[in-house]
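Notes for the one structure printed next.
Any value given below was found using the heavy atoms of this structure, including those in side chains, with hydrogens, waters and symmetry copies removed.
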Amino acid sequence: MSETRGIVVYVRYTTWFEGNIVAVQQVTYKTITTRLYSAEEHEMLNQRNTSHRFDDLKDLGNYAYLLISTVTYTTHDGTVMVDTLAQTETY
């Protein structure tokens with residue numbers, strides 16, 4: 001079972017100049033959450049989860065998502081990494 005998940009949030013900005021819309025930008029944020037376990041018996045699962053994380057980062061990079069932050073925190077049984085990516089589109 002993969003421990004990599006994603007959440008999508010859309011934010012839309014409108015820029016006005018002299019009463020006219022100049023540009024509309026939509027920023028899409030996605031997060032990837034990856035769990036790594038500290039117990040040795042989970043080594044293969046950790047390798048698979050790390051591989052899924054890198055694949056997800058690469059795939060999102062192909063769609064012009066930029067990695068803007070990585071936060072890690074420890075839990076009672078390992079470490080969790082949360083990657084936040086953003087994509088900006090101008091209309």
Output, in order, the C-alpha distance, side-chain angles, deciding distance and verdict of side chain to side chain contact (heavy atoms under 4.5 Å, CB included) for Q25 and T15.
CA-CA 8 Å; Q25 289 185 321; T15 305; 5.6 Å; no
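Side chain of N49 to main chain of R35: a donor-acceptor pair is present (N/O by atom type, distance under 3.5 Å, no hydrogens or angles).
The side chain to side chain donor-acceptor pair (under 3.5 Å) search around N46 returns none, not counting sequence neighbours. For Y63, the side-chain contact (heavy atoms from CB on, under 4.5 Å) partners are Y65, Q87, not counting sequence neighbours. Contacts of T74 classified as side-chain contact (heavy atoms from CB on, under 4.5 Å), with partners at least two apart in sequence or in another chain: T79. Residues satisfying the side-chain contact (heavy atoms from CB on, under 4.5 Å) criterion with Q47, sequence neighbours excluded, are E43, M44. Under the side chain to side chain donor-acceptor pair (under 3.5 Å) criterion, S38 pairs with no residue at all, not counting sequence neighbours.
Across every non-hydrogen atom of L45 and Y37, the tightest pair is CD2-CE1, 3.4 Å.
Considering I32, T84, L60, D83 in turn, D83 is the only one that fulfils the side chain to side chain contact (heavy atoms under 4.5 Å, CB included) rule with L67. A side chain to side chain contact (heavy atoms under 4.5 Å, CB included) with V82 is found for one member of T34, T33, T70 and no other, namely T33.
For CD of E41, the number of neighbouring non-hydrogen atoms (other residues, nucleotides, ligands) closer than 6.0 Å is greater than 12.
Rounding to the nearest 0.5 angstrom, the gap separating the OG1 atom in T28 from the CZ atom in R12 is 9.0 Å. Expressed to the nearest 0.5 Å, how far NE2 of H42 lies from CZ of R48 amounts to 11.5 Å.
Hydrophobic clustering (side-chain heavy atoms under 4.5 Å, transitive across Ile, Leu, Val, Met, Phe, Trp, Tyr) keeps I68 apart from V71.
Residues near L66 contribute nothing to a hydrophobic cluster around it, because no ILVMFWY side-chain heavy atom sits closer than 4.5 Å to its side chain.
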